[in-house]
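Before any comments, here is the structure.
Sequential numbering from 1 along the given sequence is applied to the chain's residues. Values reported hereafter were calculated over all heavy atoms of this structure, with side chains retained and with hydrogens, waters and symmetry mates removed.
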Amino acid sequence: MPEFAAKVCVLCGGVGAAKLLSGMVRAQRPKDVLAIVNTADDTQLHGLHISPDIDTVVYTLAGAVNPQTGWGLANETWNAMDALERYDGITWFRLGDRDLATHLYRTQRLTQGANLATVTAEIAASWGLELQVIPVTNDPIQTKITTPDEGEIDFQDYFVRRRHNVAATNVRVAGAQGATPCPGLLGALDNANIIVIAPSNPIVSIAPLLAVPKVRPALIRQRHKVVAVSPIVGGKALKGPADRLLRELGHECSVVGVAKLYAQVASTLVIDEVDAHLAPAVQDAGLACVVAPTIMDNIDKATALAQVVLNASHST
Ligand code: FO1
């Protein structure tokens with residue numbers, strides 16, 4: 001059983017989490033940070049196993065991510081995608097030539113019998129990362145979105161192919177019930193000084209992490225050291241469909257709605273200054289509320305937010 005001696009465990013989705021991690025590894029020693037990453041966005045395409053949230057974390061922390069999109073690699077070429085057009089192949093999910101190497105390597109190693117955690121550690125190490133990056137589970141879990149006119153579709157169909165421009169009437173994480181937390185994950189949560197819920201999509205990035213058995217109970221048990229950062233600012237998501245998903249699934253699309261979603265597992269919610277007037281309502285939901293700049297449009301702001309999160313954990 002691997003041991004992850006991390007002082008700070010961060011529950012991560014994609015872009016927002018990667019930005020906070022970039023700051024966290026400057027506010028804290030990188031090797032004391034453990035990123036626990038959602039894998040319910042994973043998809044099989046071209047016979048390859050693609051782990052978008054893991055790759056966004058790795059590429060961002062390596063300083064190699066495409067800064068415009070927050071996913072994939074900067075300075076990419078698209079020869080493989082262009083060549084696939086000849087065969088009318090699958091090109092709606094854009095895989096750059098260099099990004100493809102990650103999926104080829106991951107798939108080859110999984111085929112050899114390595115588990116996702118092992119392969120993720122190899123990929124993170126190859127990019128020179130010092131922080132620890134693990135999948136929430138080595139078992140297959142998939143987010144499935146139910147839409148009014150198509151029934152249940154896969155996550156990337158929803159997110160990319162339909163540009164999350166369709167209403168969701170239900171979201172579930174297939175495979176979660178039978179999944180086992182990544183070895184070492186529960187121990188890391190127990191031993192951490194602080195557990196952070198990154199500003200990721202509560203419905204499709206954070207909920208899948210909590211759906212893996214024993215993870216939610218572990219946070220409930222240690223709620224006093226769990227600090228969440230709201231991904232909703234001024235009633236909107238900074239990126240992606242978090243705001244519309246909250247509304248479509250019957251939640252309040254505000255920091256108060258996020259507070260109510262996290263009340264069981266987190267004791268503090270960090271909200272942006274534009275939502276300062278809602279701090280009392282967050283407290284009424286049962287969480288301490290910290291007001292700070294949460295829009296990480298540069299590395300210094302990400303570092304400052306990481307420091308706010310670390311300080312918040314000492315104050316509860
Ligand atoms: N997102 C898109 O909107 N369009 C794409 O073509 C796309 C390709 C892609 C390839 C690799 C990868 O790791 C991520 C990719 N993403 C793309 C983002 C991905 O759908 C999202 O990052 C997550 O699944 C949600 O956070």
Could you grab the distance from atom [atom1] of [X] to atom [atom2] of [Y], nearest 0.5 Å is fine?
X      : Y      : atom1 : atom2 : value
His103 : Leu95  : NE2   : CG    : 5.0 Å
Cys9   : Gln132 : SG    : CD    : 8.5 Å
Lys19  : Ile295 : NZ    : CD1   : 9.5 Å
Glu150 : Tyr158 : CD    : OH    : 12.0 Å
Leu48  : Leu100 : CG    : CG    : 6.5 Å
Asp300 : Arg26  : CG    : CZ    : 5.5 Å

Is it possible for you to say whether [X] and [Y] belong to one hydrophobic cluster, with membership spreading through side-chain heavy-atom contacts below 4.5 Å?
X      : Y      : answer
Leu238 : Leu305 : no
Val282 : Val274 : no
Leu186 : Ile141 : yes
Val37  : Leu131 : yes
Leu249 : Phe159 : yes

To check you understand the geometry: which heavy-atom pair defines the closest contact between [X] and [Y], and what is its length?
X      : Y      : answer
Ala168 : Glu248 : N-OE1, 2.9 Å
Pro135 : Ile54  : CB-CD1, 4.0 Å
Leu129 : Ala62  : CD2-N, 3.6 Å
Lys214 : Pro181 : CB-CG, 4.3 Å
Leu110 : Leu116 : CD2-N, 3.8 Å
Gly16  : Met296 : O-CE, 3.6 Å

Do [X] and [Y] come close enough that some side-chain heavy atom pair is under 4.5 Å?
X      : Y      : answer
Leu73  : Val65  : no
Val229 : Ile197 : no
Tyr105 : Glu122 : yes
Leu246 : Leu261 : yes
Ile36  : Leu185 : yes
Pro199 : Leu20  : yes
Val308 : Val290 : yes
Asp32  : Val8   : no

Would you say the side-chain atoms of [X] pair up with the backbone N or O of [Y], donor to acceptor, closer than 3.5 Å?
X      : Y      : result
Ser254 : Gly257 : yes
Thr268 : Cys289 : no
Thr60  : Val57  : no
Thr69  : Trp71  : yes
Arg247 : Ala242 : no
Arg109 : Leu104 : no
Asp243 : Ile232 : no
Arg223 : Ala266 : yes
Asn138 : Ala117 : yes
Thr56  : Val15  : no

Any donor-acceptor N or O pair under 3.5 Å, side chains [X], [Y]:
X      : Y     : value
Thr102 : Asp55 : no
Thr91  : Glu85 : yes
Asn66  : Glu76 : no

Query - Worked check of ring pair (Phe, Tyr, Trp, His ring centres under 6.0 Å) between Tyr59 and Trp127 - result: CA-CA 8 Å; Tyr59 291 167; Trp127 284 96; 5.5 Å; yes
Query raised in the report: Given the rule in the side-chain contact (heavy atoms from CB on, under 4.5 Å) test, do His251 and Lys260 qualify, once you have shown the distances and angles that lead to the verdict?
Result: CA-CA 9 Å; His251 306 289; Lys260 289 174 179 171; over 6 Å; no
Query raised in the report: Under the side-chain contact (heavy atoms from CB on, under 4.5 Å) test, which residues partner Ile220, sequence neighbours left out?
Result: Arg216, Gln264, Val265
Query raised in the report: For Gln156 and Asp41, what are the C-alpha separation, side-chain angles and deciding distance, and is it a side-chain contact (heavy atoms from CB on, under 4.5 Å)?
Result: CA-CA 7 Å; Gln156 297 301 345; Asp41 292 5; 3.7 Å; yes
Report task. Scan Lys144, Arg172, Arg162 and name whichever one has a salt bridge (Lys or Arg N to Asp or Glu O under 4.0 Å) with Asp154. Result -> Lys144
**Report entry** Candidate pair Ile206 and Asn201, rule side-chain contact (heavy atoms from CB on, under 4.5 Å), full reasoning
**Finding:** CA-CA 6 Å; Ile206 301 301; Asn201 187 316; over 6 Å; no
Requested in this report: Sequence neighbours left out, what passes side-chain hydrogen bond (donor to acceptor under 3.5 Å, both in side chains) with Asp157? Give chain and number order.
Outcome: none
Query raised in the report: Is there a side-chain contact (heavy atoms from CB on, under 4.5 Å) between Asp272 and Ser230 once you walk through the steps?
Result: CA-CA 8 Å; Asp272 192 81; Ser230 174; over 6 Å; no
Query raised in the report: Under the criterion side chain to side chain donor-acceptor pair (under 3.5 Å), which of Asn298, Thr303, Asp297 is the partner of Lys301?
Result: Asp297
Report task. For atom CG of Asn75, decide whether the heavy atoms of other residues, nucleotides or ligands shown that lie under 6.0 angstrom number more than 12. Result -> no
Query - salt bridge (charged side-chain N to carboxylate O under 4.0 Å, His left out) partners of residues 42-53, not counting sequence neighbours, each pair once - result: none
Query raised in the report: Are Asp190 and Arg221 ion-paired here, with the side-chain N under 4.0 Å from a carboxylate O?
Result: yes
